[in-house]
Protein chains: 2
Amino acid sequence: MVTIRDVAKESGVSVATVSYVLNNGPRAVRPETRERVVSTMRRLNYHPNAVARSLVRKRTHMMGILVGDEQSEIVNNNYYAGVLAGVFAGARQRGYNITFFTAASTDKDIEHHIRAQRPDAMLMIAPRLGQDLPKRLKSVGVPLGVVGAGDSYEDDAAICVDVDNRAGMRLGMQHLWERGHRKIVYAIGDPNQESTQVRRMVFEQVLREWGVEPSEHDFIAHSFHKEVVYTAVEQRLQQASLPTAIFAGNDGIALATLQAARDLGRRVPEDIAVIGYDDWPIASSMTPGLTTIRQPMHEIGEAVVQGLANLIEKKSVKAETRVKRFPPTLIIRDST
Amino acid sequence: MVTIRDVAKESGVSVATVSYVLNNGPRAVRPETRERVVSTMRRLNYHPNAVARSLVRKRTHMMGILVGDEQSEIVNNNYYAGVLAGVFAGARQRGYNITFFTAASTDKDIEHHIRAQRPDAMLMIAPRLGQDLPKRLKSVGVPLGVVGAGDSYEDDAAICVDVDNRAGMRLGMQHLWERGHRKIVYAIGDPNQESTQVRRMVFEQVLREWGVEPSEHDFIAHSFHKEVVYTAVEQRLQQASLPTAIFAGNDGIALATLQAARDLGRRVPEDIAVIGYDDWPIASSMTPGLTTIRQPMHEIGEAVVQGLANLIEKKSVKAETRVKRFPPTLIIRDST
DNA sequence: CTGAAAGCGCTTACAG
DNA sequence: CTGAAAGCGCTTACAG
């Protein structure tokens with residue numbers, strides 16, 4: 001590998017000078033000298049070693065994401081994947097790489113890993129509630145960007161981006177109301193997610209506004225696993241006092257719901273309406289096409305990275321960009 | 001940040017000694033000394049700087065993946081995502097991080113980026129054919145692992161892992177034959193993918209074995225985009241000389257195919273049978289449940305990383321592990 | 001406008 | 001068993 005020293009020697013200048021042409025400053029270099037250096041860099045096929053650079057600059061141009069024991073999110077959760085695509089796009093614009101830290105499992109391990117690797121920032125996508133990692137990161141001094149956790153980590157995260165879940169839930173409920181639905185069951189996701197909590201709250205709130213007192217019976221599944229959802233829907237649809245609509249916690253839950261309804265011979269939306277949340281790419285291909293609440297996953301992913309990049313580079317960020325909420329959209333298809 | 005020097009001073013030893021206890025060798029340290037060093041490391045909350053380490057060791061413990069202008073694969077291609085999950089699992093086992101290089105677009109950029117970042121290896125998942133990146137990487141000296149490209153990059157890649165596509169295609173064709181299908185259309189994917197090429201070849205071969213001369217008319221779509229597939233299937237199903245079955249290039253194509261058939265009022269499998277390829281997590285949730293050829297995506301992802309790790313660490317790899325083919329499985333559901 | 005030198009935080013021969 | 005020192009490949013004050 002050719003180093004800065006080789007280029008210096010070959011150009012008859014000092015390594016300092018080579019460095020200054022490499023970085024376009026901060027000190028000026030005489031045009032002829034710069035020319036000469038540039039051409040020998042090209043001739044020797046020189047590429048500055050980013051590792052050495054990181055060491056002295058104390059900046060790795062890398063943002064980290066943790067990947068746990070099971071990496072099922074990437075495969076089974078299109079929200080996660082959609083946000084990730086946005087994260088990559090944002091990282092590309094700002095010149096960051098995205099590193100998945102695989103090695104760690106306990107919070108302590110993770111802290112160790114991060115202190116060792118020196119990412120410029122860390123990212124959490126749809127984290128579970130009640131983790132103390134954000135606090136640890138804060139003490140380590142690595143800025144944290146959190147996506148899809150509402151304001152639950154607002155104190156310890158530098159950037160919080162999410163969809164406006166209250167608005168999204170109301171959008172869906174209002175749509176069901178307009179379609180004449182009064183008896184609605186919520187096939188709700190993992191209670192350990194902030195979004196689940198908020199949406200549940202709004203669901204109950206809206207029910208009360210309709211003059212209906214919500215009960216535990218209105219919630220089923222409590223999980224994102226398709227098998228669990230399938231069974232829960234199957235059971236609920238065979239009990240007395242049938243709902244006319246099911247609100248699904250996300251489009252994955254909606255898919256399992258459609259499947260259970262189909263297997264029971266129920267027509268959607270005639271016998272039972274189904275509405276999802278997220279608008280996964282496959283939503284329009286479901287049978288029937290799924291009505292759902294769209295989250296701008298790509299924009300959300302881009303936004304965290306932009307926010308973090310601003311923070312890293314400008315050392316500060318406007319208060320109104322620290323916490324960002326994107327508006328959801330109601331996408332009406334054939335399932336309601 | 002506390003450094004090795006702080007620990008040395010605080011323990012009354014040299015930095016060399018601290019380094020040797022840190023790495024458990026290669027030189028022995030007196031037990032009492034080691035004890036003392038370990039405890040001050042803990043007390044000072046010391047975490048060795050991986051960047052500095054990488055600089056001297058010339059090993060980053062990182063494998064890189066390129067992400068292009070559009071990152072749609074992660075969202076729309078469950079094969080890619082499934083392999084990725086396996087890659088993460090393998091990386092975790094062997095102590096590597098996975099970095100997505102976002103910055104580059106041209107091959108030259110990419111080479112530059114890689115020379116700068118110094119990944120221990122690079123990974124390509126389902127790459128398009130005819131790229132010269134593999135050759136460039138070879139000249140850079142970074143080992144390359146290729147997944148899902150058959151043997152097309154065998155000369156320049158260090159590790160090639162894939163499913164046995166010939167076997168997979170035969171499995172599907174034989175199943176269709178047994179179900180009585182003689183007139184089959186192949187909704188084929190992007191011709192720029194090795195898998196597409198191989199499967200097409202086997203498709204034609206099997207047809208000839210059946211005594212049927214394949215024609216251009218037997219292939220439709222030539223793309224992985226669902227809109228393109230939808231339109232192609234829609235048109236084909238309204239022409240004369242209807243097929244009794246459609247073989248889809250992957251499960252995404254199969255989904256769009258099912259959708260088109262449904263919208264035309266065709267019953268699956270009664271009017272038209274559909275078989276997919278890959279076995280995405282949603283395959284069982286389609287309407288009807290999709291018969292498909294399963295690829296062990298997770299194992300494939302793990303295998304590349306294991307192969308590369310062996311290469312990096314042992315400097316060599318057995319010839320039989322350099323190229324690896326996993327057997328596919330026929331998963332029979334309700335669409336055939 | 002430019003060079004010589006210190007330093008980033010480690011590892012590892014060299015010498016005892 | 002251990003320390004002093006060189007070196008990995010850069011950046012950036014310091015001095016001219």
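Fair warning: this is a prediction, and the values are worked out from it, not measured in the lab. Throughout, protein chains are lettered first and strands after them, A, B, ... in sequence-line order, and every chain is numbered starting at 1.
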Nearest-Å distance, CG (A/Leu55) to P (D/dG7)?
17 Å
Starting at atom OH of A/Tyr20, determine the distance to atom P of C/dG3, rounded to an integer number of angstrom.
11 Å
Report the distance from atom CZ of A/Arg5 to atom P of C/dA5, rounded to the nearest whole Å.
12 Å
For D/dT11, does OP1 or OP2 lie under 4.0 Å from any side-chain N or O of A/Asn23?
yes
From the options A/Glu111, A/His112, A/Arg118, select the one residue that forms a side-chain hydrogen bond (donor to acceptor under 3.5 Å, both in side chains) with B/His47.
A/His112
When you measure from the side-chain N and O atoms of A/Arg30 to the phosphate of C/dT2, is any distance below 4.0 Å, counting only OP1 and OP2?
yes
Specify the separation, in whole Å, of atom CZ of A/Arg53 and atom P of D/dC8.
19 Å
Side chains of A/Thr40 and A/Ser11: is there a donor and an acceptor less than 3.5 Å apart?
yes
In this structure, how many angstroms lie between the C1' atom of D/dC10 and the CZ atom of B/Arg118, rounded?
11 Å
Toward the 5' end of DNA chain C, which comes first, A/Arg36 or A/Val15, by nearest nucleotide?
A/Arg36
With a cut-off of less than 4.0 Å, is there a side-chain N or O of B/Lys58 near OP1 or OP2 of C/dT11?
no
Whole-Å gap separating P (D/dC8) and CZ (A/Arg57)
20 Å
Indicate yes or no: does B/Glu194 engage B/Arg128 in a salt bridge with an N to O separation below 4.0 Å.
no
Roughly, in whole Å, what's the span from CZ in A/Arg34 to P in C/dT2?
10 Å
Check whether any side-chain N or O of B/Thr17 sits under 4.0 Å from OP1 or OP2 of D/dC1, and answer yes or no.
no
Paired nucleotide for D/dC14 [Watson-Crick or G-U wobble; both distances under 3.5 Å]:
C/dG3
Classify the side-chain pair B/Arg92/B/Asn97 by whether it contains a donor and acceptor separated by less than 3.5 Å.
no
Using OP1 and OP2 only, check whether a side-chain N or O of A/Thr33 sits under 4.0 Å from C/dT2.
yes
In whole angstroms, the gap separating C1' of C/dA4 from CD1 of A/Ile4 amounts to 14 Å
Can you tell me if the side-chain N/O atoms of A/Arg27 get under 4.0 Å from OP1 or OP2 in C/dT2?
no
Pick the closest DNA chain D nucleotide for A/Met1 and for B/Ser14 by heavy atoms, then say which residue is nearer the 5' end.
B/Ser14
So, is A/Thr3 near the phosphate of D/dG9, with a side-chain N or O under 4.0 Å from OP1 or OP2?
no
How is B/Val13 classified with respect to the nucleic acid when contacts are heavy atoms under 4.0 Å: base, sugar-phosphate, or nothing?
sugar-phosphate
Of all the choices, C/dA4, C/dT2, D/dA5, which nucleotide is nearest to the side chain of A/Ala16 once you look at every atom?
C/dA4
Hey, are A/Arg94 and A/Gln306 close enough side-chain-wise for a donor-acceptor pair under 3.5 Å?
yes
Electrostatic pair B/Glu32-B/Arg36, nearest N-O below 4.0 angstrom:
no
Looking at B/Ser19, I'd like to know whether one of its side-chain N or O atoms comes within less than 4.0 Å of OP1 or OP2 on C/dT11.
yes
